[in-house]
Amino acid sequence: MTTTFAPLTTLPAPAGYKAGDVLFLCGELFGRGYANGIVDEARAAGMTVIGATVGRRDGDGTLRPLTAEELAEAEANLGGRIINVPLEAGFDMEPGDDGLSPADRLKGAKPDDWATVPFSDDEIAGWRAKGAARFKGNLAQVVAKLEQLVPAGANVLFVHTMAGGIPRARFFMPLLNRVFKGTGDKYLPSERFWNSPVGKLCSASFDEVTADTFRHLLEATAVLRERTVAGGGTANYVAYGYHGCEVLIDGAYRWQSYTPYLQGWAKMRLEEIAAEAWKKGIGATVFNCPEIQTNSSALFLGVEISLYPLLSALEREGGGPVADEIRKRCAALLKEGASLDTLLKQANSYLASPLLAGFGELAAWPHHNTQEQAELMLDCSARLLGMNSDPKNVVCAELSRAVFKGVGRLMFDCSWQPQAPVLWLGHSIIARRLVSA
Ligand SMILES: NC(=O)c1ccc[n+]([C@@H]2O[C@H](COP(=O)([O-])OP(=O)(O)OC[C@H]3O[C@@H](n4cnc5c(N)ncnc54)[C@H](O)[C@@H]3O)[C@@H](O)[C@H]2O)c1
């Protein structure tokens with residue numbers, strides 16, 4: 001698929017969802033993730049929120065539903081019922097024909113030997129097929145229950161939030177730390193890692209968890225979707241993508257991206273799945289969202305640098321009480337002697353650095369890293385994070401909350417009358433949404 005950059009430029013009209021309509025969240029809700037924004041919107045509109053769980057793995061590796069206690073906690077967090085069938089996707093713990101999963105195979109492997117740890121394409125395909133079959137079987141059970149919970153005539157909004165797939169083996173952590181956080185002798189080029197057999201294992205795992213689950217969701221809910229539409233309701237789908245983001249750099253909105261975003265190929269596959277569904281008349285939209293700090297982005301140190309210019313975007317799009325409040329809260333988190341102006345200048349000097357010129361081409365995305373780029377980014381990230389007085393309560397967390405709130409509202413409203421299979425939500429429209437709220 002050729003990528004056509006399609007940023008959302010106009011605030012959508014408010015969605016018409018009402019009490020009795022249903023939001024189904026395909027993916028578990030955690031404390032500070034993107035999905036919180038749209039779930040809050042659904043609750044405010046009086047919709048019934050129904051959620052899913054990834055399930056849990058017992059000590060022996062068995063995948064199970066939540067216990068009664070875990071379920072009560074998860075439902076309280078969601079503010080809605082959870083259909084308690086484990087929707088873990090992927091195959092990292094899926095036993096192959098010989099009884100061994102990819103994670104088993106990596107037990108005892110030394111991270112230093114990463115380049116020669118063997119995985120064949122056929123083996124990966126075998127595990128992948130088994131994992132997909134398990135996921136689809138469990139998803140069918142979830143959807144059967146969901147069908148009973150959606151009242152006749154209700155509108156349904158399906159929200160896909162799943163992403164991930166780093167195989168759960170100790171082997172990976174030191175290795176990925178070198179790819180994403182390594183400097184000096186520790187630096188490992190993302191391209192070398194990605195082209196190795198363990199890189200190929202990751203790639204297939206990312207595709208399965210981040211992209212193919214969306215296809216499985218579209219297929220599994222076909223009957224519910226058709227029933228809903230036949231009854232006069234809407235049945236639309238939204239998913240969270242990432243494909244770089246426009247932020248203010250040197251005073252103008254410019255597309256940029258975190259590098260190396262190794263999930264990028266899976267995210268483009270997600271876009272393709274939405275485009276295919278769109279051609280069949282299904283309202284499915286992938287919203288490419290800005291970089292924020294969540295449980296899932298913690299490994300990607302430096303991803304948060306492009307979040308800081310949101311403060312400038314809030315001013316550019318009109319400022320006012322909401323912008324003032326966010327700025328005030330951010331300023332209160334800084335160490336004595338640090339200021340938001342210095343923070344913004346330093347973030348801008350990274351984003352505008354001539355060293356990043358080669359990474360600015362959308363058509364060549366996702367880019368692999370270089371040692372100079374990685375070191376510049378990691379150094380800037382550390383300096384900016386070091387300006388917070390409490391490392392556990394940082395400016396980026398405050399800005400992340402603002403972004404997922406704005407994105408949640410935009411996705412919610414856009415889902416009512418879908419516009420396109422792929423849309424980018426940049427800082428400009430998000431800031432405009434926040435200041436006009
Ligand atoms: N954080 C960012 O900077 C950013 C930027 C753009 C888009 N996104 C996207 O937003 C979405 C939500 O991510 P988030 O950053 O809010 O983090 P999050 O950790 O809150 O959400 C990740 C979701 O993926 C699910 N998940 C993870 N591994 C899974 C597996 N093996 N099987 C099934 N489900 C699995 C989790 O249950 C959770 O629902 C993701 O699609 C992510 O790629 C994030």
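Just so you know, ligand 1 is whichever comes first in the structure, and atom 1 is the first atom listed for that ligand. Remember, it's a predicted structure, so these values are computed and weren't measured experimentally.
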Exercise. Verify, without hydrogens or angle tests, whether Arg178 (side chain) and Pro189 (backbone) share a donor-acceptor contact under 3.5 angstrom.
Key: no

Quiz item: Do any pairs count as a ring pair (Phe, Tyr, Trp, His ring centres under 6.0 Å) and have a residue in residues 164-183, sequence neighbours left out, and if so which ones?
Solution: Phe180-Phe300

Practice problem: Kindly state each residue pair satisfying salt bridge (Lys or Arg N to Asp or Glu O under 4.0 Å) with at least one member in residues 205-224, sequence neighbours excluded. | Solution: Arg128-Glu208, Arg128-Asp212, Asp207-Arg269, Asp212-Arg269, Arg215-Glu276

Exercise. Just say parallel, tilted or perpendicular for the rings of Tyr242 and Tyr261, cut-offs at 30° and 60°.
Key: perpendicular

Exercise. Please work out whether the ring planes of Phe158 and Tyr237 are parallel, tilted or perpendicular, with thresholds of 30° and 60°.
Key: parallel

Quiz item: Heavy atoms under 4.0 Å from ligand 1: which residues qualify?
Solution: Gly27, Glu28, Phe30, Gly33, Tyr34, Val54, Leu87, Glu88, Ala89, Thr161, Met162, Ala163, Val209, Tyr240, Gly241, Tyr242, Lys267, Cys289, Pro290, Glu291, Ile292, Thr294, Asn295, Ser296, Ser297

Quiz prompt | Under the side-chain contact (heavy atoms from CB on, under 4.5 Å) test, residues paired with Ser400 that sit two or more places apart | solution = Ile292, Gln293, Leu307

